[in-house]
Participant: 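What follows is a single structure, and I will ask about it in a moment.
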Amino acid sequence: MSDPVLNVVGISKRFGALEASRDVTLDLRAGEIHALIGPNGAGKSTLIQQIAGWLTPDAGQIMLNGDDITGLSAAQRARAGLGRTFQVSALAMQDTVLQNALLGALGAAGRLSLWGSAMARGEIRTRAEAALDRVGLGGAADMRVADLSHGQRRQLEVAIALTLRPRAFVMDEPMAGLGGQGSRELTALLDGLRGEAPILLVEHDMDAVFALADRISVLVYGRIIATGTVDEVRANDEVRRAYLGDAA
Ligand SMILES: Nc1ncnc2c1ncn2[C@@H]1O[C@H](COP(=O)(O)OP(=O)(O)OP(=O)(O)O)[C@@H](O)[C@H]1O
Ligand SMILES: [Mg+2]
């Protein structure tokens, strides 16, 4: 088996008396969607923020393609190939879809040292348009983000992440707030995306998780209590008690 693309090793994080991450170890392998599930307040977003570089762990390491990225800033991690979407959207609502994607591609250009070069503008635009096409927003490039549906905004967030040509994705509840149709469309998009970069997916939508996940890890009170295939995790008694209940 090939080495994992992303390795999270022994991450711990305290907020005062609260242990939000307790010795969390998990990995993300090429081609897979690894879902991270668990009750509200379990520490899923806290873990994602430490992986993305918004929060500093008290202990532990994060490795991307074998390189230790624990000391890098969020921007450096993004340029190193970590693609992210967040539980709370960070889109520029009054700008167009294409303008938002161009901003993402500008970040990628920084990585490629394209600033000031003659090909920069063309390359940035090409990347942005390709990413919009990839998520099905090619026809909506000139729409204002404020006029998009929730589902289209989620697709745009994925497109912005794609402009960096990431080696791995971390996504925090991309399905949140979407109706049935939007969830199904985003599920189909993520399903196809895993071949380009594996996805660590925090999600409460169990239909999406069961449809997409190659493996699932279950986080409860900051600790991973189980990792396995969908069938293994659904059959796990501790997981049923702590989280899944009837959904299993
Ligand atoms: N900056 C912070 N300072 C103090 N406590 C925090 C901070 N961020 C998160 N917490 C606490 O850490 C715990 C884990 O929160 P986190 O947001 O990671 O949970 P979650 O699993 O993402 O929950 P949800 O499913 O509701 O999104 C919670 O008890 C939360 O209140
Ligand atoms: Mg959360």
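Read the numbers this way: they start at 1 and go in the same order the structure lists the ligands and their atoms.
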Participant: Test your reading of the structure: does G43 have an N or O sitting under 3.5 Å from an N or O of ligand 1?
Facilitator: yes

Participant: Would you check whether G38 reaches within less than 4.0 Å of ligand 1, judged by its heavy atoms?
Facilitator: no

Participant: Could you pull out, from Y221, W54, F15, the option with a heavy atom nearest to atom 8 (N) of ligand 1?
Facilitator: F15

Participant: Among residues at least two apart in sequence or on other chains, which ones pass side-chain contact (heavy atoms from CB on, under 4.5 Å) with F15?
Facilitator: K13, L18, A20, T46, L55

Participant: Please state which part of L18 comes within less than 4.0 Å of ligand 1, counting heavy atoms only: side chain, backbone, both or neither.
Facilitator: side chain

Participant: Determine, using the 4.5 Å side-chain heavy-atom cutoff (strictly less than), whether V9 and L36 are members of one ILVMFWY cluster.
Facilitator: no

Participant: T46 heavy atoms, cut-off 4.0 Å: which ligand 1 atoms fall inside?
Facilitator: 9 (C), 14 (C), 15 (O), 16 (P), 18 (O)

Participant: Could a heavy atom of Q49 be found less than 4.0 Å from some atom of ligand 1?
Facilitator: no

Participant: Counting only heavy atoms, tell me which of E19, K44, K13 gets closest to atom 20 (P) of ligand 1.
Facilitator: K44

Participant: Identify, by atom number and element, the atoms of ligand 1 in contact range of E173, meaning under 4.0 Å from any of its heavy atoms.
Facilitator: 25 (O), 27 (O)

Participant: Looking at R154, H150, E203, which one forms a side-chain contact (heavy atoms from CB on, under 4.5 Å) with M175?
Facilitator: E203

Participant: List the steps and the verdict of side-chain contact (heavy atoms from CB on, under 4.5 Å) for E157 and L186.
Facilitator: CA-CA 11 Å; E157 287 166 19; L186 192 57; over 6 Å; no

Participant: Could you walk me through whether T70 and D68 pass the side-chain hydrogen bond (donor to acceptor under 3.5 Å, both in side chains) check?
Facilitator: CA-CA 6 Å; T70 322; D68 189 340; 2.5 Å; yes

Participant: Applying the side-chain contact (heavy atoms from CB on, under 4.5 Å) test to V170, which of R77, R84, H34 qualifies?
Facilitator: R84

Participant: Between E123 and R127, is there a side-chain N and carboxylate O pair less than 4.0 Å apart?
Facilitator: yes

Participant: With a cut-off of 2.8 Å, does T46 place any N/O/S atom under that distance from the Mg ion (ligand 2)?
Facilitator: no

Participant: Could you tell me which atoms of ligand 1, counted from 1 in the order shown, lie closer than 4.0 angstrom to a heavy atom of N40?
Facilitator: 23 (O), 24 (P), 25 (O), 26 (O)

Participant: With respect to G41, determine whether any N or O atom, backbone or side chain, lies less than 3.5 Å from an N or O atom of ligand 1.
Facilitator: yes

Participant: Can you check salt bridge (charged side-chain N to carboxylate O under 4.0 Å, His left out) on D214 and R29, steps first, answer last?
Facilitator: CA-CA 10 Å; D214 299 288; R29 302 168 188 164; over 6 Å; no

